[in-house]
A.B. asks: 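For reference, the structure I am asking about is given below.
Model, not experiment: these values are computed from the prediction. Each chain gets a letter, A, B and so on, in the order its sequence line appears, and its residues count up from 1. The analysis underlying the following values was restricted to heavy atoms, covering all of them including side chains, and did not include hydrogens, waters or symmetry mates.
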Amino acid sequence: MKLTRRSFLKASAATGALAALSGGVMSFERWAAKAAETGDVKLVPSICEMCGTKCGIIVKVKNGRVVKIEGNKEHPNGKGKICARGNAGMKLLYDPDRLKQPLKKEGDKFVPISWEQAFKEIGEKLKEIKAKYGPEALVWSTHPELAYDYEVIFNLAFGSPNLTSHAPTCYSPRNVAYKAMYGEVPTVDYGNVKYYISCGRNLVEGINVSQVLGIMKAKEKGAKLIALDPRYSNFAALASEWVPIRPGTDLAFLLAMIHLIIKNEWYDKEFVKNYTIGFEEVAAEVEKYTPKWAEEITGIPAATIERITEEFAKAKPAAVVDPGWHVSRYMNSTEMLRAGAVINALMGNLGMKGGLKFPKYKFTKVEEREGLWPKLEKPKAKRFDGAGGEKWPLAKGLGMIQMLPEHILSGQPYPIKAYIANHHNPVRSAGNSEKWIEALKQLELVVVIDVQMSETAMMAHYVLPESTYLERFDPPQIAGNAVALRQPAVEPLHNTMGVDDIIKELAHEAGIGQYFNFTLEQFSDQMLKPFNITFKQLMEKGVIALDDGKTEYKVPEIKTDSGKIELASGAFEKAGAKRVPTWKPPGVTEGNGKLRFLHGHTAVHTHTSTFNNEYLHALMPENVLWINTRTAEKLGIKNGDLVEVKSDYGKVTIKAKVTEAIHPDAVYMVHGFGGFSPYQKKAYKKGASTSFIIPCHVEPVSGAAADCEVLVEVRKVGGGANA
Amino acid sequence: MPKYAMVIDMTKCAACQACTVACEAEWGLPPGEKFTRLEEREIGKFPNVRREFLLIQCQHCDKAPCIEVCPTGATYKREDGIVLLDDKRCAGCKYCMVACPYQARVINHEKGVPEKCRFCYHRVEQGKKPACVSTCIGEARYFGDLEDPNDEIHRIIHQKQAKPLRGDLGTKPSIYYVR
Amino acid sequence: MAWGIIIAIYLFLAGAGAGAFLIAVMTERSGINKENEALVKAGTILAAPLVAIGTLFLVLDLTWVEAGKFEPWRIFYLYTHFTSMITWGTWILTLFMPVSFVYGWMKLKNPYYTNNALRCAGAVLAFATSVYTGVLLGVVKAVPFWNNAVIPMLFVVSALVTGMATAILGSFVFGGKTLPDFFKPLHTWLAVIELLLLFFLLMIAANGPEAARQSAEMIISGKYSLYFWGVLVFLGIIVPGVIGATASPKAGKGIKALDALLVLAGGFTLRALILLAAVPVTLMN
Amino acid sequence: MEHNRVEIYRLLAYTLSEPDLELYRWLKSDGAKAFGELGVNLGELPGLPELSRQYQEYFGLYAPKVSLIESVYRKWSSDPEVDPVMANSRGFLMSDHALHVAALYEKAGLSIPEEFSGMPDHLVLELEFMAMLVENNHPGQRDFLVDHLSFIEQVVEKSREENIMGIYREIVEFLGKFYQEEKNLLLGKQG
């Protein structure tokens, strides 16, 4: 046989070294025993990225391999504890199906290409699009992580105003409300609250480990926890009281609370006088919002509202309405957040023990840092989605990514030709998957940066594989009273890169290389300079505390124009709302066989990203549709039946969970399931994806996705396992 | 000789399953095999409904039905109160699974024996807490030594009025519940 | 529940084998003759193989067998722990099998052979076997449906009925034609007692704790109701009971075989239902 | 079979690597002939795009029907310091077996090509390495066959389960047969 061919294993040094392989090395068992015994072990302090919370971890590495992940007690996030997802990190790192090298779409399939070729081709294309359509033809979306500053620099340098986060599908209403009224976004002093009201904030299914620890501590000390939720969530099970409110009406409940607090003078007069403006306007507005009025709307008895409000007010200042996280649910969500912000102000809880608090430390904004790159100019064009413009002044910086397909398809206000998604999967997380797919097909350039082949990546021309959080550096993090660093525990397993380097290389090929003539270390040192800490020091320690951790309870500086909490604010008037929070009904009304579609997190999965993780998949392989017993009975649905859930935008099939624990007018499912990327074998088509049901639309004040403003019809399509 | 006991405060349980996972990780259990399980029930009709959770695992009973019914003596109790199974002696008759009121045993299909929670005796011997206790993100679990009068477990049981699960069955469990 | 159909087969075969031996001994005591010698032969010789096959099913159900770990010596540990009913059962079965086999072998060679010691020992062990299959479940506090004295009694009665059916079917092989006179009243009485015991069992369960109520519900009106009312009560007890009470001892083989087969089907259904309807004690109360 | 064992290992390594134009041309002429000499009829060779598609679907880098990476078939680690749930897992990269293979390459002065980074225990590399051992008449052949190449049995089994068709079916079947012959050759003599 004569064979001409390549061979893969190449001699790196002198050949003929096979002789060096003695019996002891050749035998796997003997080698493994020796390696287990003599291997070098190191502990690398780093930061988890199985969700966005960024808890501290300690990664144990042996023989160049991660062998265990544990919590880092020194890190304020998690305080040494990690959740189920954090435990599952190794299964992501060593998953044989994750992205291994840059891919380019040719025809209907992806072929591996080199990084050089990928950068070069993408850079050329970006330059071409910029020359032809202007820099604003590029939209860049992201789930902002530690390297967000790099994305800011890239977009400003390129000249595109269209850097946009996942905010409108998450926290836009909260940020809009609190930034306008308080000057910045506060969080809760969970460990010390005495009376806590959650408007759908589900602390134990959307887990932030430190906050769970905090709320449990508070509960143990006797705090009263109230869960406003149409569904009896796991948090409701933990809470002192579940308020089974009609979906989308939390606003009415809160307005009635304000009415009662002002009427009965239960507010902190001193605080209101010294630290707020607009009290009189609020008082005038809420006069009509009686508990009786709220009862009609919310379905919660007036007496209950009165009792809760009185108990709540008595607990001030350690009485809090949680600003929340995923609040982009209804057309009135921003109003609801504003009402909550008013209540918090009336309790005088800002800066108090068990009240609201502002983050203690912050890095300076990247736009304000100087020296490492040329001055960054504001892009000339307006944003594609109008955020920050006349109609959406308050959505500035948050954007409306869910509307991207609409703008691509309409070509308004200008043509969009290129889209880059980093750590973001809007095809499944921003509603109406079908429309996203249709729109992305129109683009000349779609680039996705991710660790696995997401549904958005499936639509890309180029897929750039990011190293996992266990293989890369990121710029530093501030967590509570400490700074921390994500650093590689091991060398990248495959031909992947950190997102910082990906952006840097892209910039060089896209003709804006002069903005990225720095190393990550230089960049980080500049961020850390105000704290007198260096990147090198941080590498060594992983976490460095900035103070002794003791809290001084006092009202912080309020960074609004007036220097006070603005209970009434002209900013909202400019955005088309009233100066003070006011009643606005939700966007759609249940009835005539149409049910409200709700969705949310589970404690064991993150967004759309963890469903292929063997470990987490085994814990929860699919989702189910919660439907009230009475509703199910009317529809002839039994527990375990297969049902079709259909909205005006699409439909899915899923198993029904018939339960008393949900409002009869609503149905609910955990989001993130129903993946359709064949590259993710375990997750492929398991359960149902909410994204086929939810439309792409906007809440008028904050630009949020209002993703629970959708009605569905449910019908039985098949018998269940136990039928 | 210590006498180990655990308190599970269900009022602080986030139902997040971190304990289930940490336990699986600690013992390297095959997928699907769990030593701690989360039970759930619903009581009442909307809107007067309640959902309750209960974490169940081997209760390390002083009068363990599994030990009584085991025909081979493979299941035994250590002096420190931990109930263990000797894999090599187990004939796999599953009588223990049938007899355990807490349904705490699960079959390991690789080894062919019904396994269960071991109170992480290897960690306990090193002075550490069992994996489920250290991992609990709500700090709902406590572990201690009943023989040691200074152990906080006494205070916790007393203060929280923790009680064994189905004490009426006479099994004298070593896990106390706050519910 | 950890025990299912395989264990039901084990309990059923052990019961039928032991019952067949008891019936054969009773027949022998009533006076052995040309008419009934086939039945005595069949009843004694079938006992050991049936119990052995039943035990084989038990072994098949052992999890380490399922896991493919061939370590047969582990079976010997089964003899060692006397707080367990299984240890007692293992001893009883171990002794019953050779005793009944030897006695059956002798009877096969000469139906008029007799040995008082062997017969008494066999009868005691056969009775112990039938009781054991019930006590095994009866002592389990974790399953309120089982945890009573009715189950052992029910299993003894069922063992006798199925043993009788086994002996009848077996006797046909050895050329038997007629049945002893006492079979007719015994058959009827056993059917009546079995129905009464079933009634007691379900009454106790239906008025017992939550778990027992669920078990009773499953059997009376739930997912097993068709098997209970149709297969066990009607086809397995009432129909053969009526046949047994009305058919002449000299009736044709066909009708007797049908009677016996229905009884066996009922006997197996009884074991299976009791195992499948087991619900462990409620914990969330 | 009195064929050159080294050549067969190389032949298999080559044909189980990702097909490109060079491999395709070779398969069409010399490759088919070489297999023919070994008594294997590869059958109709589809066009290169189709062959690539088949390769990706069967053995590719992402969610293939049959993985050619040894680690995927092995228990991840027996090192007591490894997180037990990971240690006992199967289906992940960089198991103890991969580390061992990587160590062997390193000691032998061989470098792992970029396209195989994160998977030094890919069948293609292991077959090539075995060819070198055989070529040098290295005493470690037996260990390597038993400790590592034994996963070929699972590859063959999985390929049958997944109903792999066309030329790859023929190649895998031959791979399985050849492995058994090698096993007999290297182990049989002792037994």
A.B. asks: Measure the shortest side-chain to side-chain distance between P80(D) and E37(A) over non-hydrogen atoms and say whether it is less than 4.5 angstrom.
C.D. replies: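 Side-chain contact under 4.5 Å: no.
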
A.B. asks: With a 4.5 Å cut-off on heavy-atom pairs, point out which of E115(D), E81(D), H122(D) contacts chain A the most.
C.D. replies: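 Most heavy-atom pairs under 4.5 Å with chain A: E81(D).
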
A.B. asks: Assess the residue pair M26(A) and L104(D) against the criterion (side chain to side chain contact (heavy atoms under 4.5 Å, CB included)); give the C-alpha distance rounded to whole Å, side-chain angles, the decisive distance to 0.1 Å, and a yes or no.
C.D. replies: CA-CA 7 Å; M26(A) 278 309 296; L104(D) 291 179; 3.9 Å; yes

A.B. asks: Which of parallel (below 30°), tilted (30 to 60°) and perpendicular (above 60°) describes F8(A) and F116(D)?
C.D. replies: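 Ring orientation of F8(A) relative to F116(D): perpendicular.
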
A.B. asks: So what's closer than 4.5 Å to chain A heavy atoms on E114(D): side chain, backbone, both or neither?
C.D. replies: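 The answer is the side chain of E114(D).
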
A.B. asks: To the nearest 0.5 Å, how far apart are CZ in F129(D) and CG in L21(A)?
C.D. replies: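 Reported to 0.5 Å precision, the distance equals 5.0 Å.
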
A.B. asks: Does any part of the side chain of M86(D), heavy atoms only, come nearer than 4.5 Å to the side chain of V67(A), both counted from C-beta?
C.D. replies: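 Of all side-chain heavy-atom pairs linking M86(D) with V67(A), none is under 4.5 Å.
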
A.B. asks: Against chain A, label H97(D) side chain, backbone, both or neither, depending on which of its atoms sit under 4.5 Å from a heavy atom there.
C.D. replies: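 Contact with chain A: backbone and side chain both.
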
A.B. asks: Contact between W76(D) and R65(A) at the side-chain level, heavy atoms closer than 4.5 Å - yes or no?
C.D. replies: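 W76(D) vs R65(A): side chains touch.
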
A.B. asks: So does A32(A) get a backbone contact from the side chain of D96(D), meaning a donor-acceptor N/O pair under 3.5 Å?
C.D. replies: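 Pair absent, no side-chain N/O of D96(D) close to backbone of A32(A).
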
A.B. asks: Got M132(D) and L9(A) here, is their nearest side-chain heavy-atom distance under 4.5 Å?
C.D. replies: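 A side-chain contact under 4.5 Å exists here.
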
A.B. asks: Strictly distance-based, threshold 3.5 Å: is any side-chain N or O of Y62(D) a donor or acceptor partner for the main-chain N or O of P678(A)?
C.D. replies: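 Looks like no, no N/O pair under 3.5 Å.
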
